[in-house]
Amino acid sequence: MTPLTSRRRWPLLVIPMISCLALLMLVVFLFGVGGVEESFKRFANALLTSFSVVSALLAIAMFSYADSRERPLAPVFTMLAISVVGALLSFGTLFVGGDLLLESNGSAMAQILYNVVQLLVVTSALFIAGGLVLGTAFAIITRSVERTIFEEE
Amino acid sequence: MPKTHYLKNATLRPDEWTIFFSLTNLKCTMEELFKAALLFWLPLMLVPTGAVFALSRKEGSRPMVGWAVALISSLMVMSSWLTVPESDSSAGGHLILAIIGPTILMAIGCLLAIFSGRIPVQRLPVYAGPVGFISVLLGLAWLLMMHLDNPPIWRHEINPYWLVWWPTFLLSVLLLSSFVIGAMLMVGDNRRNEAGVMAFFSLLFFVGLILLLKIDGDLTDAAQMRAQLWLATADAVGTILGILFAIVTVALVVAQYERRLPAPGLVSAMNEEEKEMVQDILNNNLGGDQE
């Protein structure tokens, strides 16, 4: 069997996923998508919110890294790097999409709060789906036919 | 002068009325914001904080306190649609409450199905397996019935976050099961049969999803479902990309630091005392004459 680290086998991980997504999107297009004018705004809001929240958590984690490695300035440089990337992402999305406020939210504050709850909802869906898929996969594996590891002579 | 007479004659100019109403509205808004912060946002932040607190160190009553904080905060988030109904964010708490039942059912089902299989320790009785699979199916059927017949209702209409959660969940199950099929083929040693069963599971979800995109529910029509699935894809892709950007940014900083760390200095040889200590530890652990 080709070893795990072989580059030839990596596409096996993503090809089924990308194929499924492409097929699903094709079906959606064939049936008719409908009103999805806000899709880029939703994408941009999700991108910026998840980036901000995860960056904040990782920046906090950098304080313990700074302690253990005796690099007191590590959190400062991390925050600097995060700010630069965040600014680039924000300018990029604003440049492409313009106003990022969704119709249902009248102000930036309302949009931010909406985005945080939306992130909670999306991540909960991802985690529950992940748990279900992993649980099913392990249930299938533990119930599969017992295989002999060594053949008796 | 009698008080009633004063009130009858008391009047404000139009601009004064405007200021009065603005101040009253501001006061109400501040009160509502404070209430929402106290009964929704603070508990929401305390859920992960309590869990991290409980998991970080297992000394004394720390785990119990941490889990208690996480549990009480979760209950407060889930009941926020009753405690702060005027806050739009409470729809999130309402959604979590709506999906907690099927989620628990599926989680218990998965555990029963896994631990009744061929595992070396703590194997459950044989009948736990079918019960587990039935439990998972019931959980999925519960969610399906919520889509077709009884979606979570918040402020007399479908909870807006349900329209985000349900398509994201379906899409995630489909994509993650495809990913797991790839992982079984790539990482597993001769796991083609298991990958085949997983492919069947994935196909079932795919067909189910296609049907949902074509069949109208009682309160959710197929066209709305298609639009929501498209938007959910945008949400999920945006969320995953945002997380990846954040991780890569921090990883780059850490990599730069690690690259510049000086090489560890040479350690002096052990003296006799240290050698004896090492010998003692080895004898205690490898000798076999201990209790």
Side-chain angles (χ1 to χ4, degrees), chain A residues 1 4 9 12-17 20-21 27-28 31-36 39 42-44 46-51 54-55 58 62 65 69 71 74 77-78 81-82 85 89 113 117-123 125-126 128-133 135-144 146, chain B residues 89 92 95-96 103 106-107 110 113-114 117-119 129 132 161 164-165 168-169 172-183 185-187 189 193-194 197-198 201 206 209-210 213-214 223 226-227 229-231 234-239 241-243 245-247 249-250 252-254 257:
Chain A
M1 190 161 218
L4 174 65
R9 291 174 64 87
L12 268 179
L13 267 180
V14 284
I15 283 176
M17 204 164 66
C20 257
L21 186 63
V27 171
V28 170
F31 286 171
V33 182
V36 287
S39 32
R42 289 270 290 260
F43 166 79
L47 175 79
L48 294 175
T49 311
S50 60
F51 177 80
V54 175
S55 297
L58 290 175
M62 283 303 283
Y65 172 82
R69 292 299 215 178
R71 291 286 180 276
F77 281 111
T78 306
I82 286 168
V85 176
L89 284 176
L113 295 178
V117 180
Q118 177 106 334
L119 180 69
L120 172 80
V121 169
V122 170
T123 45
L126 285 171
I128 294 170
L132 176 67
V133 169
T136 312
F138 277 109
I140 291 169
I141 287 170
T142 57
R143 306 184 81 76
S144 59
E146 200 166 13
Chain B
S89 308
L95 176 82
I96 302 288
T103 304
M106 288 189 291
C110 282
I114 291 170
R118 285 185 189 81
I119 53 163
Y161 291 116
V164 176
W165 188 89
T168 311
F169 172 76
S172 308
V173 170
L174 187 65
L175 296 184
L176 289 172
S177 55
S178 318
F179 181 81
V180 166
I181 293 167
L185 291 173
M186 189 180 119
V187 182
D189 182 15
N193 289 340
E194 289 84 351
V197 179
M198 203 64 208
F201 174 78
F206 188 75
L209 190 52
I210 298 293
L213 295 177
K214 201 68 187 159
R226 289 196 290 274
L229 183 72
W230 179 261
L231 294 172
D235 281 337
V237 173
T239 304
L241 276 181
I243 292 171
F245 270 121
I247 291 172
T249 308
V250 175
L252 284 176
V253 176
V254 172
Y257 267 110

Is it the backbone or the side chain of [X] that comes under 4.5 Å from a heavy atom of chain A, or both, or neither?
| X | answer |
| --- | --- |
| Asn193(B) | neither |
| Leu95(B) | side chain |
| Ala223(B) | backbone |
| Ile119(B) | side chain |
| Val180(B) | side chain |
| Leu209(B) | side chain |

Could you look at [X] and say if it's the side chain, the backbone, both or neither that has a heavy atom under 4.5 Å from chain B?
| X | value |
| --- | --- |
| Val122(A) | both |
| Val28(A) | both |
| Leu126(A) | both |

Leading residue by heavy atom contact count with chain A [cutoff under 4.5 Å; candidates [options]]:
| options | answer |
| --- | --- |
| Phe201(B), Trp165(B), Phe206(B) | Trp165(B) |
| Leu229(B), Thr168(B), Thr249(B), Val237(B) | Thr249(B) |
| Ile114(B), Val253(B), Val197(B) | Ile114(B) |

Quick one: does [X]'s side chain get under 4.5 Å of [Y]'s, heavy atoms only?
| X | Y | value |
| --- | --- | --- |
| Cys20(A) | Leu175(B) | yes |
| Val164(B) | Arg42(A) | yes |
| Ile210(B) | Phe31(A) | yes |
| Met106(B) | Ile128(A) | yes |
| Met198(B) | Val133(A) | yes |

Which atoms form the tightest heavy-atom contact between [X] and [Y], and what is the distance?
| X | Y | value |
| --- | --- | --- |
| Ala246(B) | Ser55(A) | CB-OG, 3.4 Å |
| Leu176(B) | Ala129(A) | CD1-C, 4.0 Å |
| Ser178(B) | Pro16(A) | O-CB, 3.5 Å |

Looking at [atom1] of [X] and [atom2] of [Y], how far apart are the two atoms once the value is rounded to the nearest 0.5 Å?
| X | Y | atom1 | atom2 | result |
| --- | --- | --- | --- | --- |
| Leu48(A) | Leu241(B) | CG | CG | 11.5 Å |
| Tyr257(B) | Tyr65(A) | OH | OH | 8.0 Å |
| Phe245(B) | Ser50(A) | CZ | OG | 10.0 Å |
| Met17(A) | Ser177(B) | CE | OG | 10.5 Å |
| Glu194(B) | Ile140(A) | CD | CD1 | 8.5 Å |
| Ile243(B) | Phe51(A) | CD1 | CZ | 12.0 Å |

Picking from Val54(A), Val117(A), Val85(A), which has the most non-hydrogen pairs under 4.5 angstrom with chain B? Val117(A)

Tell me which of these, Val14(A), Thr49(A), Ile15(A), Leu89(A), has more heavy-atom pairs under 4.5 Å with chain B than the rest. Leu89(A)

